[in-house]
There are 2 protein chains.
Amino acid sequence: MAAVDLSAHPGHLARRLQQAHYLLWNTMVSEEITSPQFAVLNALVAEPGLDQRSVGERVGLDRSTIAEVISRLGRRGLLDKVRDTQDGRRFLLRLTDEGVRVHRKLTVRTARMNQVFLAPLSGEEQTVFFDLLQRVSDAAEGLRNPGAPVAPLVTQR
Amino acid sequence: MAAVDLSAHPGHLARRLQQAHYLLWNTMVSEEITSPQFAVLNALVAEPGLDQRSVGERVGLDRSTIAEVISRLGRRGLLDKVRDTQDGRRFLLRLTDEGVRVHRKLTVRTARMNQVFLAPLSGEEQTVFFDLLQRVSDAAEGLRNPGAPVAPLVTQR
DNA sequence: AAGAAATACTCAGTGCCCTGACTAATCGGG
DNA sequence: CCCGATTAGTCAGGGCACTGAGTATTTCTT
């Protein structure tokens, strides 16, 4: 009766979009390296020697998640992690040769995948799509913290 | 050098969109019930007595994930799970009174949240946004399986 | 009626994602 | 110089999401 149509819920659509992407990535790009892992490799190609926190900032991952992703990439031998001698809190990250090689290979495949992913949209629609996606995300990002916390669902006794 | 701009990658944008939504949901809707959990409640308001698999289908979750989500909702006392006497493989799901109550409360909050989430877009843009999101997801969904598996990154010796 | 195939669900394993609490190191003022 | 605040990273805990393997039940086929 009071049920709602989920297709009018942006959150639901966002989740579906990500699932769709995950699926395509798995079949067209790699079953070993994930999309967030590629994002990290990419950030380190652009700025070698970055520390963990900064990489997380570039790719949009919090301190805990970025630590996990980096540890996995380290285990796979795609990057090295060394203490910063200037600031003993930091770890400096740098791709290994293998890391660079994998990044290069994935860059090509990713481009192909993006084409397939966006194929249902015309060129103009693709531009609009990026724009809308970015604007909504940026706006929500800007809303961090300031709001008062939600009232709990159940009144605790 | 060969680094790519992530803002041109729909997968990255999809992930950011979901993160943004997660954040907003947490502050505006509930810290206890998640968006996928709400989707399940909603499906069961629409069709009480559905089995697990069908609920998963409605909300877009695979068998394993839907099992976890349902088990959590069960632990919270929001739904009941009983063996189908007609078909001993199935579990039939039904919301408890508390489940219905929570769904009603969240429906209101979710509507408010959606408004805030979409506020950066004009009414017309919102329509376009939904349309593009849906078309891309549907298309990728349709691409399931058929493709040959990706070649592995490293040639195993 | 018996065996094969399909179906609903569970379980183990991997990975992403967040929060909150903690440790270690650095930095800033007095 | 020292103490408090800030900052980088870790760790535990909860939840989402998938795959692949396994169990039980039903259904299809012969």
Side-chain angles (χ1 to χ4, degrees), chain A residues 11-12 14-27 30-40 50-57 59-76 81-93 141 144-145 149, chain B residues 11-12 14-27 30-40 50-57 59-76 81-93 141 144-145 149:
Chain A
H12 183 248
R15 191 166 59 77
R16 281 201 56 213
L17 185 70
Q18 229 210 322
Q19 283 172 351
H21 177 262
Y22 172 87
L23 197 66
L24 208 56
W25 181 280
N26 242 286
T27 56
S30 171
E31 292 180 343
E32 311 163 291
I33 303 298
T34 65
S35 166
Q37 284 174 24
F38 173 72
V40 168
L50 230 49
D51 64 311
Q52 261 182 235
R53 205 203 97 267
S54 306
V55 173
E57 217 169 65
V59 302
L61 290 178
D62 66 294
R63 61 202 188 296
S64 288
T65 306
I66 197 66
E68 288 178 27
V69 173
I70 283 174
S71 125
R72 273 185 279 270
L73 290 173
R75 275 204 301 276
R76 279 181 182 283
K81 188 173 159 177
V82 295
R83 277 275 180 210
D84 185 349
T85 47
Q86 309 301 302
D87 183 340
R89 291 167 299 183
R90 284 192 174 82
F91 282 107
L92 302 186
L93 306 169
E141 178 72 20
R144 295 202 71 103
N145 307 325
Chain B
H12 184 246
R15 190 166 60 77
R16 280 201 59 213
L17 185 69
Q18 229 210 325
Q19 283 172 350
H21 177 263
Y22 172 88
L23 197 68
L24 209 55
W25 180 281
N26 241 287
T27 55
S30 171
E31 293 181 342
E32 311 164 293
I33 304 297
T34 65
S35 166
Q37 285 174 23
F38 173 73
V40 168
L50 229 49
D51 65 312
Q52 261 184 234
R53 203 203 100 267
S54 307
V55 173
E57 217 169 65
V59 303
L61 290 178
D62 68 294
R63 64 206 187 292
S64 288
T65 307
I66 197 67
E68 287 177 27
V69 173
I70 283 174
S71 124
R72 273 185 279 271
L73 289 172
R75 275 205 301 275
R76 280 180 182 283
K81 187 173 162 177
V82 295
R83 276 274 179 211
D84 184 350
T85 49
Q86 310 300 302
D87 184 339
R89 291 168 300 184
R90 283 192 175 83
F91 283 107
L92 302 185
L93 306 169
E141 178 73 20
R144 295 202 70 102
N145 309 326

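Within every chain, numbering begins at 1; the chains are lettered A, B, ... in the order of the sequence lines, protein sequences first and strands thereafter.
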>> I want to verify a distance call: between D:dT10, C:dG15, D:dC16, whose nearest atom is closest to the B:E68 side chain?
In response: D:dC16
> Closest to the A:V69 side chain: C:dC16, D:dC16, C:dT10?
Replying inline: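 The nucleotide sitting nearest to the side chain is C:dC16.
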Rounded to whole angstroms, how far apart are [atom1] on [X] and [atom2] on [N]?
X: A:F38; N: C:dC16; atom1: CZ; atom2: P; value: 15 Å
X: A:R72; N: C:dG13; atom1: CZ; atom2: C1'; value: 12 Å
X: A:L61; N: C:dC18; atom1: CG; atom2: P; value: 6 Å
X: B:Y22; N: C:dT19; atom1: OH; atom2: P; value: 6 Å
X: A:D84; N: D:dT7; atom1: CG; atom2: C1'; value: 13 Å
X: B:R53; N: D:dT26; atom1: CZ; atom2: C1'; value: 14 Å
X: B:Q18; N: D:dG15; atom1: CD; atom2: P; value: 17 Å
X: B:I66; N: C:dA8; atom1: CD1; atom2: P; value: 14 Å

For [X], which contact category applies under a 4.0 Å heavy-atom criterion: base, sugar-phosphate, or nothing?
X: A:R90; result: sugar-phosphate
X: A:Q37; result: sugar-phosphate
X: B:D87; result: sugar-phosphate
X: B:Q19; result: sugar-phosphate
X: B:T34; result: sugar-phosphate
X: B:R63; result: base

Return the [atom1] to [atom2] distance between [X] and [Y], rounded to the nearest 0.5 Å.
X: B:T34; Y: B:L73; atom1: OG1; atom2: CG; value: 7.5 Å
X: B:T65; Y: B:E68; atom1: OG1; atom2: CD; value: 6.0 Å
X: B:Q18; Y: A:H21; atom1: CD; atom2: NE2; value: 12.5 Å
X: B:I70; Y: B:Q37; atom1: CD1; atom2: CD; value: 11.0 Å

> Would you say C:dC16 has OP1 or OP2 under 4.0 Å from some side-chain N or O of B:R15?
Replying inline: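 No, no such contact exists.
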>> Counting only side-chain nitrogens and oxygens, does B:K81 get under 4.0 Å of the OP1 or OP2 atom of C:dT10?
In response: yes
> Where each residue is assigned the nucleotide of DNA chain D containing its nearest heavy atom, which of B:S35 and A:L92 is assigned the position nearer the 5′ end?
Replying inline: A:L92
>> Tell me if the side-chain of A:S64 makes a donor-acceptor pair with the base of C:dC17, cut-off 3.5 Å, by modelled atom types.
In response: no
>> Let me spell it out: for each of A:R83 and B:R83, pick the nucleotide of DNA chain C with the closest heavy atom. Which residue's pick is nearer the 5' end?
In response: B:R83
>> Is any side-chain heavy atom of B:L50 closer than 4.5 Å to one of B:L93?
In response: no
> Would you call A:R76 and A:I33 a side-chain contact if the rule is heavy atoms closer than 4.5 Å?
Replying inline: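 Heavy-atom side-chain distance check passes, below 4.5 Å.
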